[in-house]
Amino acid sequence: MFRLAVLACTALAANGKLAPTPKASSLAPRKATAVTGGAAVAAPPTETLKLLFGAGGIYAAFLYYGSLQEDVFRYVSADGGKFKEVWFLQVLEALCNVAVGFGGLVATSGTKGLPQKLFALSGASQVLAKYCTNAALANGVSFPVATLAKSGKMVPVMAGSLLLGGATYSLRQYAQVAMIVAGTAVVSLSKKKGAGAASSALGFAFIASSLVFDGVTGGIQKRVKTATAARGIKPKPYDYMFWTNAYMLATAAAFALTRGEVSRGLAFCLENPEIWAKILRFGACSAIGQSFIFFTIAHFDPLVCTTVTTTRKIFSVLLSIVLKGHSLNLQGWSGVCLASAGILAEAMNKKH
């Protein structure tokens, strides 16, 4: 399944509607070829290799990240307590990302003249989206439903890119996104059995808010690329990672301190070393995975990265169902299949 998904993501590099269109040049190098058994075989293009590298890293880190995320919010202490300090979790996650991002920034020499206001807006909207997702899990939404619903983030990302980034998309892309939304709705409305079946109205409100912030983030990221191009600069992957997460950390810390979550979160974790270990691994996976996410954003349109991460979420849902004791009826599985078909169709959309 992993190989199929990566091959699906590879097709995006050839999609002129989703990936940046290379500038025409008479000096552009020809594709290298290798001779195998007398037949010339075209070597993979650079853009495809970059996408494989980014997608592979995102899959490896975030499949484990998703499993740990579910474990954190399903954890029950000896006295029946559950982890509820979501902003405290966001502080720890952002702190891990800032540490890795700073190391990468020093190693690659940071870019000067970046539009800090746009990075600040992107960081704030992104951490709000992540907070809402985790808050949904903390308020009764099961991990498979929440994760599949987040696969619909392509909708607000496209809307945000249209309104804030000036992008355009084809009718086929809109149809494929509609399949994802419809599939998610079918799963959400199906009768689910097993642990985590109940999903509160508040939890779904958090999911909807998260999708809105995803759309804002996608549009701002497009504006970042436009603004930097206008200044004649090209941010490096760790420029994106460090500055975005620095502003995410500042936003999360402000909320966590104001709400008193730092002291409560630390107390809960110190009383329950098992969840503390999970949270530390969760943060590490986030830092590694975000390294690959910002690498992908730096080289491709935000919708390309969204497609990769959305496809990964399908596999996270399947792993959760298999490994965490969830169960779906026929209607639920049909919704998963419909949403997956829409995601893979988007990923495999080839240039005509």
Side-chain angles (χ1 to χ4, degrees), residues 62 65-66 69 72-73 83-98 101 115-141 143 145-165 199-224 240-262 264-265 279 282-283 286-287 289-290 293-294 297 302-303 305-306 309-310 313:
F62 281 109
Y65 171 96
Q69 183 182 32
V72 167
F73 290 104
F83 184 79
K84 295 284 187 179
E85 318 308 326
V86 181
W87 278 119
F88 173 67
L89 180 66
Q90 296 306 133
V91 168
L92 295 178
E93 182 180 356
L95 186 60
C96 291
N97 288 318
V98 167
Q116 292 297 330
K117 182 178 179 179
L118 289 176
F119 272 96
L121 291 172
S122 177
S125 63
Q126 191 166 327
V127 77
L128 285 166
K130 292 175 75 68
Y131 166 80
C132 289
T133 299
N134 286 320
L137 293 172
N139 283 277
V141 177
F143 181 84
V145 172
T147 304
L148 194 58
K150 284 286 288 182
S151 298
K153 69 187 294 182
M154 292 168 69
V155 176
V157 166
M158 290 174 72
S161 295
L162 286 168
L163 295 175
L164 301 177
S199 299
S200 69
L202 178 60
F204 277 112
F206 276 120
I207 286 292
S209 299
S210 180
L211 291 173
V212 170
F213 285 121
D214 280 333
V216 173
T217 300
I220 294 173
Q221 287 173 347
K222 267 193 168 292
R223 290 183 62 184
V224 168
Y240 283 104
M241 183 174 184
F242 173 76
W243 288 112
T244 301
N245 280 284
Y247 291 114
M248 289 176 69
L249 176 60
T251 304
F255 278 104
L257 291 170
T258 301
R259 295 168 59 88
E261 291 193 14
V262 174
R264 295 197 304 269
I279 288 175
F282 173 81
S286 176
Q290 280 211 21
I293 281 181
F294 284 104
I297 290 175
L303 187 60
C305 185
T306 300
T309 56
T310 298
K313 286 180 173 65

Could you tell me the separation between the CD atom of Q290 and the CZ atom of F62, rounded to the nearest 0.5 Å? 5.5 Å
Nearest atoms (heavy-atom pairs only) where V91 meets L249: O-CD1, 3.6 Å
The residue among L92, N97, I293, N245 that forms side-chain contact (heavy atoms from CB on, under 4.5 Å) with S286 is N97
If I take atom NZ from residue K84 and atom CZ from residue R264, how far apart are they, to the nearest 0.5 angstrom? 12.5 Å
Are the side chains of V145 and F204 in touch, meaning some heavy atoms are under 4.5 Å apart? yes
For Y247, the ring-ring contact (aromatic ring centres under 6.0 Å, His included) test, sequence neighbours excluded, returns none
Holding to ring-ring contact (aromatic ring centres under 6.0 Å, His included), I want the full list of residues that pass it with Y240, two or more places apart in sequence or in another chain. F119
Answer yes or no: is there a side-chain heavy-atom contact under 4.5 Å between F282 and L89? yes
Check: R223 side chain, G219 main-chain N or O, donor-acceptor pair, under 3.5 Å: no
Under 4.5 Å between any side-chain heavy atoms of V72 and I279, yes or no? yes
List the residues meeting side-chain contact (heavy atoms from CB on, under 4.5 Å) with C132, not counting sequence neighbours, and say none if there are none. F206, S209, S210, F213
Distance-only polar pair, side chains of S122 and T244, donor-acceptor under 3.5 Å: no
Contacts satisfying salt bridge (charged side-chain N to carboxylate O under 4.0 Å, His left out) that involve residues 123-138 (not counting sequence neighbours) are E93-K130
Applying side chain to side chain contact (heavy atoms under 4.5 Å, CB included), run through Q69 and F143 and close with a yes or a no. CA-CA 9 Å; Q69 183 182 32; F143 181 84; 3.6 Å; yes
Between T217 and S125 the two heavy atoms that sit nearest each other are OG1-OG, 2.8 Å
Euclidean distance, L128 CG relative to M248 CE, rounded to 0.5 Å: 9.0 Å
Has E261 got a side-chain atom pairing as donor or acceptor with W87's backbone, closer than 3.5 angstrom? yes
My understanding is that only one of L137, N139, T133, N134 makes a side-chain contact (heavy atoms from CB on, under 4.5 Å) with V86; could you say which? N134
Can you name the ring-ring contact (aromatic ring centres under 6.0 Å, His included) partners of F73, sequence neighbours left out? none
Can you list every pair that meets salt bridge (charged side-chain N to carboxylate O under 4.0 Å, His left out) and has a residue in residues 245-255, with sequence neighbours left out? none
Nearest 0.5 Å, what's the CZ-CZ distance between F88 and F83? 6.0 Å
If you compare all heavy atoms of A252 against all heavy atoms of Q90, which two are closest, and at what distance to 0.1 Å? CB-CB, 3.9 Å
